[in-house]
Structure formats: C-alpha cells, structure tokens
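Below: one structure, written as structure tokens.
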Amino acid sequence: MSAPAATPIFAPGENCSPAWRAAPAAYDASDTHLQILGKPVMERWETPYMHALAAAAASRGGRVLEVGFGMAIAATKVQEAPIEEHWIIECNEGVFQRLQDWALQQPHKVVPLKGLWEEVAPTLPDSHFDGILYDTYPLSEETWHTHQFNFIRDHAFRLLKPGGVLTYCNLTSWGELMKTKYSDITTMFEVPHPHPGQ
C-alpha cells in the first residue's frame with residue numbers, strides 16, 4: 001500500500017500576499033515551528049543550513065542585509081560574526097514585533113525594516129551591503145519556486161558592494177520539488193531552469 005500523496009503547500013492560483021502582513025505569527029510552545037496562514041514558514045531542523053548561509057553572508061563583516069526574519073535562526077548566527085550593522089526586512093506584524101524585541105538584545109546594531117522586500121529593497125542605497133542573506137517565505141503559488149530570482153535580478157547585485165556575498169534559501173521549493181519532480185538533489189540542480197519571466 002502506498003502512502004497518500006502529500007498536499008501541496010499552495011493550491012493552484014493561491015496568493016497569500018494580501019493577508020500575510022496581519023496574519024498571526026503562530027510560534028509553537030517549544031519555539032520549534034513558525035506557521036503563518038497555516039503555511040510552514042520555518043522549523044528548527046533548518047538550523048544547520050541556515051547557520052551556514054548566515055556565516056557566509058556575514059563572512060566579510062561590515063553591513064549585512066537579511067531578507068526575512070522568521071525564528072531568528074539565521075539572524076542569531078549573523079550576530080555572532082564581527083559585523084558592524086545588521087539590516088533585516090520583515091513584513092509580518094507578529095514576526096516584526098519579535099524582531100524588534102530580539103534586536104534590543106543583540107551585540108551589533110540592528111536596523112529593522114518593515115514591509116515586503118518588493119517595497120523596501122528599492123529604497124535601499126546601492127553598494128551598501130557586504131553580505132545579503134535572502135530567506136523569505138513564498139507568498140503565492142505563482143512565485144513559489146522563483147521568488148528569490150526576482151530579488152537577485154532586481155536588487156541583490158545593486159545592493160552589494162563589490163566582492164559582496166549573496167546567499168539565498170528556498171527550502172520550501174526544494175522540498176516540494178524533491179517530493180514531486182526529482183529523485184535526488186543533485187539531479188534537481190543539474191536540470192536547466194527557465195529564467196523568471198520566461
């Protein structure tokens with residue numbers, strides 16, 4: 001007997017963006033899971049991977065931009081590095097409140113920026129960051145597997161100083177693609193993927 005097919009994270013055409021900002025941020029009692037609108041935004045098992053991304057993004061010191069705060073897994077690791085400033089974009093009200101409380105306890109300056117990255121990133125200065133860590137939750141079925149590419153194409157290279165480091169994460173997409181389309185992670189990365197907008 002085979003296991004029942006997993007329900008996709010997004011229904012066809014689903015768009016959470018209009019409700020995302022005000023939706024409750026549901027952190028579980030043990031602080032191991034964060035859900036928003038029933039979506040699995042972040043879980044503690046991601047810690048080793050997120051810490052590796054954070055260490056890379058903060059490897060040049062200076063000023064680091066983090067896009068998406070979640071459970072502060074990556075943010076906490078960024079703060080362990082010899083950085084000067086840590087700018088963080090977050091759009092959800094509950095997560096942003098947690099970010100503000102967390103920021104008060106950190107050893108390095110934190111600049112919380114409220115809003116969707118699509119709104120905030122265009123307002124940030126060119127060549128301002130030594131590192132960027134992009135890890136937001138996709139907000140629609142349409143952008144589920146590609147949202148990070150829009151940020152990279154439209155903003156990352158402009159925002160980074162020469163020689164700056166960019167890291168990004170889309171574990172939500174990887175997990176679904178591994179369940180439905182690819183048999184192993186190596187194959188998934190070897191297959192050519194269309195550029196966003198094609």
Indicate yes or no for a side-chain donor-acceptor contact from Arg60 to the backbone of Gly163 under 3.5 Å, with no hydrogens or angles considered. yes
Considering only NZ, NE, NH1 and NH2 on the basic side and carboxylate oxygens on the acidic side, decide whether Glu119 and Lys114 come within less than 4.0 Å. no
Is a donor on one side and an acceptor on the other found under 3.5 Å between the side chain of Glu141 and the backbone of Gly13? yes
Are Val64 and Leu160 grouped together when hydrophobic residues (ILVMFWY) are joined by side-chain heavy atoms under 4.5 angstrom apart? no
Of the non-hydrogen atoms in Pro122 and His155, which two are nearest, and what is the gap between them? CG-CE1, 3.6 Å
Aromatic rings Tyr134 and Trp117: how do their planes relate, parallel, tilted or perpendicular, breaks at 30° and 60°? perpendicular
Carboxylate-amine/guanidinium contact Asp130 Arg63, below 4.0 Å: no
Contact check, side chains of Tyr137 and Ile36, non-hydrogen atoms, under 4.5 Å: no
How long is the gap from CG on Asp31 to CG on Leu34, to the nearest 0.5 Å? 9.0 Å
Any donor-acceptor N/O pair, Thr76 side chain to Ile73 backbone, under 3.5 Å: no
Could you go through the side-chain contact (heavy atoms from CB on, under 4.5 Å) check for Ser140 and Glu14 one step at a time? CA-CA 6 Å; Ser140 71; Glu14 184 179 6; over 6 Å; no
Once you round to the nearest 0.5 Å, how far does CD of Glu142 lie from OG of Ser17? 11.0 Å
Are any of the side-chain heavy atoms of Met50 and Cys169 separated by less than 4.5 Å? yes
Expected output: side-chain Gln105 to main-chain Trp102 donor-acceptor under 3.5 Å: no
Do you see a donor-acceptor pair shorter than 3.5 Å between the side chains of Glu85 and Trp87? yes
Do the side-chain N and O atoms of Gln106 and His86 include a donor-acceptor pair separated by under 3.5 angstrom? no
pair Leu99-Val110: side-chain heavy atoms closer than 4.5 Å: yes
Donor-acceptor pair, side chain of His108 and main chain of Ile83, under 3.5 angstrom: yes
In terms of hydrophobic clustering (I, L, V, M, F, W, Y; side-chain heavy atoms under 4.5 Å; direct or indirect links), are Ile88 and Val165 co-clustered? no
Check step by step if side-chain contact (heavy atoms from CB on, under 4.5 Å) holds for Leu159 and His128. CA-CA 6 Å; Leu159 296 172; His128 197 63; 5.6 Å; no
Considering all heavy atoms of both residues, which atom of Gln79 and which atom of Pro107 are nearest to each other, and what is their separation? OE1-CD, 3.3 Å
By the definition side chain to side chain contact (heavy atoms under 4.5 Å, CB included), identify the one residue from Leu116, Thr136, Val67 that meets it with Ile89. Val67
Taking all non-hydrogen atoms of both residues, which atom of Leu37 and which atom of Ala19 are closest, and how far apart? CD1-CB, 4.1 Å
Where the side chain of Glu90 meets the backbone of Phe96, is there a donor-acceptor pair that is under 3.5 Å apart? no
Measuring from Tyr168:OH to Leu133:CG, what's the distance to the nearest 0.5 Å? 12.0 Å
In one Ile/Leu/Val/Met/Phe/Trp/Tyr side-chain cluster, 4.5 Å: Val120, Val78: no
Is there a side-chain contact (heavy atoms from CB on, under 4.5 Å) between Met71 and Val41? Walk through the geometry before answering. CA-CA 9 Å; Met71 295 172 61; Val41 175; over 6 Å; no
Within 45° cone and under 6.0 Å: Arg98 NZ/CZ vs Tyr27 ring: yes
Without swapping roles, check the side chain of Asn92 against the backbone of Ala22 for a donor-acceptor pair under 3.5 Å. no
